[in-house]
J.: 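Quick one: the structure is below, questions incoming.
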Amino acid sequence: MARIVLAMSGGVDSSAAAYLLRQAGHEVIGLFMKHGVAESATACQSTGATNAAAHGTATGSTFNLPIVSLPGEPQHGCCTAADAADARRVADALDIPFYALNFDEQFGRIVDYFVDEYIAGRTPNPCVVCNNWLKFGKLCDYADSVGAEFIATGHYAQLDAGPRPVLRRGIDPSKDQSYVLFGVARERLQRIMLPIGGYRKSEVRVIARQAGLRVADKRDSQEICFVTDNDYAGFVERRLQSTGHDVLDRGGELVTVEGDIVGRHDGVQHFTIGQRKGLGVAFGEPRYVVRIDADTRRVVIGTREQLGRTRFTANRANWLIDAPESPFECAVQIRYQSRAVPARVTPLADGRLDFELHEPATGVAPGQAAVCYAGDQVLGGGWIE
C-alpha cells in the first residue's frame, strides 16, 4: 500500500475519498489548504510540517487558521475555519494525520489573475488555475516533503493508471470535473489518485453516511470559493481598493452588433460573454453580451444567433496525450458543465490552437478553457483568446 497526501476541504467529496483510501489500506495524510482571500496573510505555524519532512511521516498536529476577510466579505463558502474544523474531525474519525497549511500568499496570485482578467474584459476560470498552481502543484511539493508517493483529491474524474495514465470524465455527468483538470501537467498524472470519480454524488453521500462522517449531508461549496456573495464586480472593486489601486471609472457604452448605442454601463467587470440579465436595457426579444472591448470600454450585445460562434483560437495548450502535430477531430467543451460539441482542431505555432466547431456554440468567452475530448478521455486544451 502507498503513502498518499489527500487534499481535504471539509466537504463530503474529499471526506469520502479519505474513507475509500483508508478502506483500501493506504496510509493517508490529510492536508487542508487554507487559501481564502485575506486582507493580510497570517502565517500558520509550520513546525509540524517541518517535523514531518524531517522524519518522513506526519504527526497529526493541526495549525491555527485565522480567517481574515476583506471588508464586507461574508465568512462562508469553502476554505473557512469551519471547513478546516470539519476536515479535522473527519481525519480524527478516520484516524489519519491531518495538517492545515496557509497558502494565502500563493493563492493571492490566483485572485490577482481573476481581477486582472475581468478588468481586461475576459472571463477568468480560477478553478482551473487553482488546480494547476496549487492543488496539483504545491500539493506535489508537500507530498515530496513527507515522502508520499501519491496525491489525491475529491474531484469527480477518473484516471486509468499505467505508464501513460489517461484522464477521463467522472461517471456522474452532473458532477464531472474533468474539464477543470485539463491543465494538470501530464507528468503528474502518474502521482494522482481520484477515489470518487467512479461514483455518483448520491453514492458518495451514502458512503460518507455509512462511514459515520458528519459531513455526509453538507451542502456543496460554490464554484468560485472566494466570491462568497456572487458579486464579481463588487469583489473586483473591493480587491483593487484593498491592494492600494485606484478604482477608476470604467463605464462605457452598450452597443448593438450593428454599432448602435443603446445605453451605458458602469464597467466591463460587470459583464461576461453570454450574459443575458443585468444589461440595463430592454428589447422585444432576449439580448446577450456577445463581445467585450476593454480598450474602448464598449460592451456589445446581440441576439442568441449573433452570440453563436463556430471559429476561435486558443493559446497555452496543455496536452495529456502526445501533442498532436496535424489537424484532428474531437469534441470540445468551452465551459464547465457545458455540452461538448464536435470540432476540428488545428495545432498552430507557439502552443496555439485553431478551433472550427461543426455547430455553433454560445458563450465562447476569452479567458475560458477549451478542452478537447475523445469520448470520455481528456486529450488536452488551451485558453480561448
Side-chain angles (χ1 to χ4, degrees), residues 117-129 176 178-180 182-183 223 232 252-262 265 268-279 281 283 285-319 324 326-374 378-385:
E117 289 289 276
Y118 261 111
I119 293 302
R122 295 188 289 268
T123 304
N125 197 318
C127 297
V128 176
V129 173
D176 170 51
S178 59
Y179 172 87
V180 300
F182 95 92
E223 184 178 350
Y232 296 171
E253 296 171 337
L254 282 168
V255 301
T256 65
V257 171
E258 294 75 24
D260 297 325
I261 300 173
V262 294
H265 63 81
V268 295
Q269 68 271 21
H270 290 273
F271 302 93
T272 184
I273 302 299
Q275 179 176 331
R276 176 182 170 184
K277 296 181 179 180
L279 301 184
V281 291
F283 295 89
E285 60 178 317
R287 290 293 192 275
Y288 304 84
V289 175
V290 300
R291 190 169 68 253
I292 300 172
D293 189 336
D295 291 335
T296 63
R297 294 184 292 182
R298 278 191 159 193
V299 175
V300 182
I301 58 178
T303 65
R304 186 172 180 83
E305 289 72 24
Q306 291 170 326
L307 176 63
R309 291 181 61 184
T310 58
R311 199 75 179 262
F312 62 90
T313 57
N315 56 28
R316 293 172 287 157
N318 183 70
W319 295 107
S326 57
F328 63 96
E329 297 288 322
C330 67
V332 174
Q333 186 171 329
I334 59 164
R335 292 276 184 124
Y336 175 58
Q337 291 192 330
S338 69
R339 183 177 67 88
V341 298
R344 182 177 178 83
V345 181
T346 302
L348 305 174
D350 301 323
R352 297 177 66 247
L353 303 169
D354 178 77
F355 289 85
E356 184 177 357
L357 307 183
H358 298 331
E359 59 185 70
T362 57
V364 177
Q368 286 286 295
V371 181
C372 304
Y373 289 84
V378 181
L379 306 178
W383 296 89
I384 299 172
E385 297 180 312

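In this chain, residues are counted from 1 in sequence order.
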J.: Tell me, with the steps shown, if Asp354 and Arg311 meet salt bridge (charged side-chain N to carboxylate O under 4.0 Å, His left out).
T.: CA-CA 8 Å; Asp354 178 77; Arg311 199 75 179 262; 3.0 Å; yes
J.: Any heavy-atom pair between the side chains of Tyr179 and Tyr373 that's under 4.5 Å?
T.: yes
J.: What's the separation between atom OG1 in Thr346 and atom CG in Leu353, rounded to the nearest 0.5 Å?
T.: 9.0 Å
J.: Walk me through whether Ile261 and Arg298 qualify under side chain to side chain contact (heavy atoms under 4.5 Å, CB included).
T.: CA-CA 10 Å; Ile261 300 173; Arg298 278 191 159 193; 4.1 Å; yes
J.: Hey, does Cys330 have a side-chain heavy atom less than 4.5 Å from the side chain of Val332?
T.: yes
J.: What are the two closest heavy atoms between Ile384 and Ala365, and how far apart are they?
T.: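 Reported closest heavy-atom pair: CB-O, 3.5 Å.
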J.: Look up atom CZ in Arg339 and atom OG1 in Thr362, then write down how far apart they are to the nearest 0.5 Å.
T.: 9.5 Å
J.: What's the verdict on side chain to side chain donor-acceptor pair (under 3.5 Å) for Thr313 and Glu385, showing C-alpha distance, side-chain angles and the deciding distance?
T.: CA-CA 6 Å; Thr313 57; Glu385 297 180 312; 2.5 Å; yes
J.: Report yes if some heavy atom in the side chain of Glu285 is under 4.5 Å from a heavy atom in the side chain of Thr303; otherwise report no.
T.: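 Yes, close enough: below the 4.5 Å cut-off.
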J.: So, does Asp176 use its side chain to make a donor-acceptor pair with the main chain of Ser178 at under 3.5 Å?
T.: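 Indeed, once roles are kept as given, a pair shorter than 3.5 Å links the two residues.
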J.: Between CD of Gln368 and CG of Asn125, what distance do you get to the nearest 0.5 Å?
T.: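 Gln368 atom CD to Asn125 atom CG measures 4.5 Å (nearest 0.5 Å).
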J.: Any side-chain heavy-atom pair from Val281 and Arg287 closer than 4.5 angstrom?
T.: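 Counting from C-beta outward, Val281 and Arg287 never come under 4.5 Å.
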J.: Return the minimal non-hydrogen interatomic distance between Pro342 and Glu359, and the atom names on each side.
T.: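 In terms of heavy atoms, the two residues are closest at CD-OE1, 3.8 Å.
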J.: Give the minimum heavy-atom separation between Glu117 and Gly367, together with the two atoms involved.
T.: OE1-CA, 3.8 Å
J.: Test side chain to side chain contact (heavy atoms under 4.5 Å, CB included) on Arg276 and Arg304; report intermediate values, then the result.
T.: CA-CA 10 Å; Arg276 176 182 170 184; Arg304 186 172 180 83; over 6 Å; no
J.: Once you round to the nearest 0.5 Å, how far does CD of Gln275 lie from OH of Tyr288?
T.: 12.0 Å
J.: Flag the pair Ile119 / Val268 as yes when at least one side-chain heavy-atom distance between them is below 4.5 Å, and no otherwise.
T.: no
J.: Once rounded to the nearest 0.5 Å, what's the spacing between atom CD of Glu253 and atom CG of Asp293?
T.: 11.0 Å
J.: A quick test of your reading: do over 12 heavy atoms of other residues, nucleotides or ligands sit less than 6.0 Å from CZ of Arg291?
T.: no
J.: Of all the heavy-atom pairs spanning Pro347 and Pro327, show the shortest one and how long it is.
T.: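 Looking at all heavy atoms of both residues, the shortest contact is CD-N, 4.0 Å.
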J.: With a 4.5 Å heavy-atom cut-off, do Ile334 and Phe355 have their side chains touching?
T.: no
J.: Can you tell me how the ring of Trp319 sits relative to the ring of Phe328, calling it parallel under 30°, perpendicular over 60° and tilted otherwise?
T.: perpendicular
J.: Does the side chain of Ile273 come within less than 4.5 Å of Leu307's, by heavy atoms?
T.: yes
J.: Give the C-alpha distance, both sets of side-chain angles, the deciding distance and a yes or no for side chain to side chain contact (heavy atoms under 4.5 Å, CB included) between Val289 and Leu279.
T.: CA-CA 8 Å; Val289 175; Leu279 301 184; 3.6 Å; yes
J.: As an exercise, state the distance from CZ of Phe312 to CG of Leu357, rounded to the nearest 0.5 Å.
T.: 5.0 Å
J.: Within the 4.5 Å heavy-atom criterion, are Val378 and Val371 side-chain neighbours or not?
T.: yes
J.: Go through the steps to decide whether Phe271 and Ile301 satisfy the test side chain to side chain contact (heavy atoms under 4.5 Å, CB included), and finish with yes or no.
T.: CA-CA 11 Å; Phe271 302 93; Ile301 58 178; over 6 Å; no
J.: Testing the basics here: between Ala314 and Gly382, what is the closest heavy-atom pair and its distance to 0.1 Å?
T.: CB-C, 3.9 Å
